[in-house]
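All values reported here derive from a predicted model rather than from experimental measurement.
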Amino acid sequence: MADRLELQRIASAFRVVGWGAFWSQLTLALVSAGVLAFNSIGSELVSNRDKAIGLGPGLSLTTLALLILAWGVWQDWGLVRISRALASGSSSIPSKAETRAQVKRHLLASLVGITFAAIGYQALSGSLTFQASIQQPGLTGTSVGNNAITSLEMFSVMANTQALTGHLIGLWVSLWLLQRLARR
């Protein structure tokens with residue numbers, strides 16, 4: 001009977017943590033995608049967008065991190081499905097190895113996403129730091145040679161931060177669930 005009680009506790013943990021991770025990562029992914037879309041549309045409207053020196057690689061890595069975050073959200077849904085299967089008590093409950101494999105896929109998505117987001121953040125912040133170092137001191141107007149950092153450029157950093165935060169949540173969830181499974 002203790003095994004059944006422990007199985008119910010694990011199912012409950014997977015359900016709560018899976019739904020929490022699903023909704024938080026989905027929200028962060030949607031915000032990041034919205035900001036990247038706004039940045040892309042807004043940059044088309046800016047007449048002097050070639051002054052943003054080197055944002056391309058950072059935006060590309062942020063987009064990759066966002067795509068991996070979307071895959072991580074799918075892995076979150078897999079955690080919820082596992083919780084339902086474990087709670088059902090039927091004979092077709094996933095094995096410990098299958099459950100651990102699902103959590104490891106979730107962990108892998110988070111680690112790869114954090115890697116892309118961190119490198120993308122470095123590319124974005126390096127580009128904006130360089131741009132800030134060549135801008136004219138004091139208040140700048142719309143004169144030729146104005147290298148002021150615009151809000152659209154800052155949106156790219158915000159999109160990256162949202163994706164990075166989503167992957168960090170996924171990492172903590174995966175590590176906690178692996179630790180929880182190790183006690184089983």
Side-chain angles (χ1 to χ4, degrees), residues 10-46 49 52 54-87 94 98-129 131 149-181:
I10 290 173
S12 177
F14 268 74
R15 185 182 72 248
V16 170
V17 171
W19 278 119
F22 176 81
W23 286 112
S24 62
Q25 286 187 305
L26 179 63
T27 302
L28 289 167
L30 290 175
V31 168
S32 183
V35 169
L36 281 176
F38 179 74
N39 189 0
S40 176
I41 292 168
S43 66
E44 295 297 324
L45 301 176
V46 176
R49 60 173 195 229
L55 288 181
L59 290 173
S60 297
L61 289 166
T62 298
T63 303
L64 280 172
L66 179 62
L67 293 173
I68 295 168
L69 183 59
W71 188 62
V73 171
W74 175 251
Q75 296 304 310
D76 291 334
W77 180 247
L79 297 176
V80 172
R81 286 193 323 248
I82 283 180
S83 76
R84 289 178 179 168
L86 290 172
E98 292 169 335
T99 305
R100 186 171 282 134
Q102 174 68 34
V103 176
K104 284 181 180 179
R105 280 191 302 272
H106 192 266
L107 177 65
L108 180 65
S110 298
L111 287 173
V112 171
I114 280 177
T115 302
F116 281 126
I119 295 170
Y121 181 79
Q122 292 298 318
L124 290 171
S125 64
S127 172
L128 293 176
T129 300
Q131 188 176 341
I149 296 173
T150 66
S151 58
L152 285 176
E153 294 161 347
M154 291 309 297
F155 275 137
S156 61
V157 176
M158 184 179 143
N160 184 280
T161 303
Q162 301 302 316
L164 186 65
T165 304
H167 288 298
L168 188 61
I169 290 169
L171 178 66
W172 281 106
V173 163
S174 298
L175 291 174
W176 186 83
L177 287 174
L178 280 176
Q179 184 269 339
R180 183 72 179 98
L181 284 173

Side chain to side chain donor-acceptor pair (under 3.5 Å): pairs with one or both residues in residues 100-117, sequence neighbours excluded: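 Listed by first then second residue: Gln75-Gln102, Asp76-His106, Gln102-Arg105, His106-Ser174.
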Relative to the ring of Trp19, is the ring of Phe22 parallel (under 30°), tilted (30 to 60°) or perpendicular (over 60°)?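 Because their plane-to-plane angle is over 60°, the rings of Phe22 and Trp19 count as perpendicular.
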Determine, step by step, whether Trp77 and Val73 satisfy the side chain to side chain contact (heavy atoms under 4.5 Å, CB included) criterion, reporting the C-alpha distance in whole Å, the side-chain angles of both residues, the deciding distance to 0.1 Å, and the verdict. CA-CA 6 Å; Trp77 180 247; Val73 171; over 6 Å; no
Between [atom1] on residue [X] and [atom2] on residue [Y], distance to nearest 0.5 Å:
X	Y	atom1	atom2	result
Ile114	Leu171	CD1	CG	4.5 Å
Leu59	Leu66	CG	CG	11.5 Å
Leu26	Trp23	CG	CH2	6.0 Å
Arg15	Arg84	CZ	CZ	10.0 Å

Heavy-atom check, side chain of [X] versus side chain of [Y], under 4.5 Å:
X	Y	result
Val17	Leu79	no
Leu181	Phe14	yes
Leu67	Trp71	no

Which atom pair, heavy atoms only, marks the closest approach of [X] to [Y]?
X	Y	value
Ala11	Leu86	CB-CB, 3.6 Å
Val173	Ala21	CG2-CB, 3.8 Å
Ala13	Arg180	CB-NE, 4.4 Å
Gly166	Leu69	C-CD1, 3.8 Å

State whether the side chain of Ser32 and the backbone N or O of Ala29 hold a donor-acceptor pair below 3.5 Å, judged by distance alone.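 Such a contact is absent between Ser32 side chain and Ala29 backbone.
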For residues 154-165, run the donor-acceptor check on the side chains, cut-off 3.5 Å, and write out each pair with its distance to 0.1 Å, sequence neighbours left out.
unit_1	atom_1	unit_2	atom_2	d
Ser156	OG	Glu153	O	2.4
Asn160	ND2	Thr62	OG1	2.8
Asn160	ND2	Ala117	O	3.1
Thr161	OG1	Val157	O	2.9
Thr165	OG1	Thr161	O	2.8

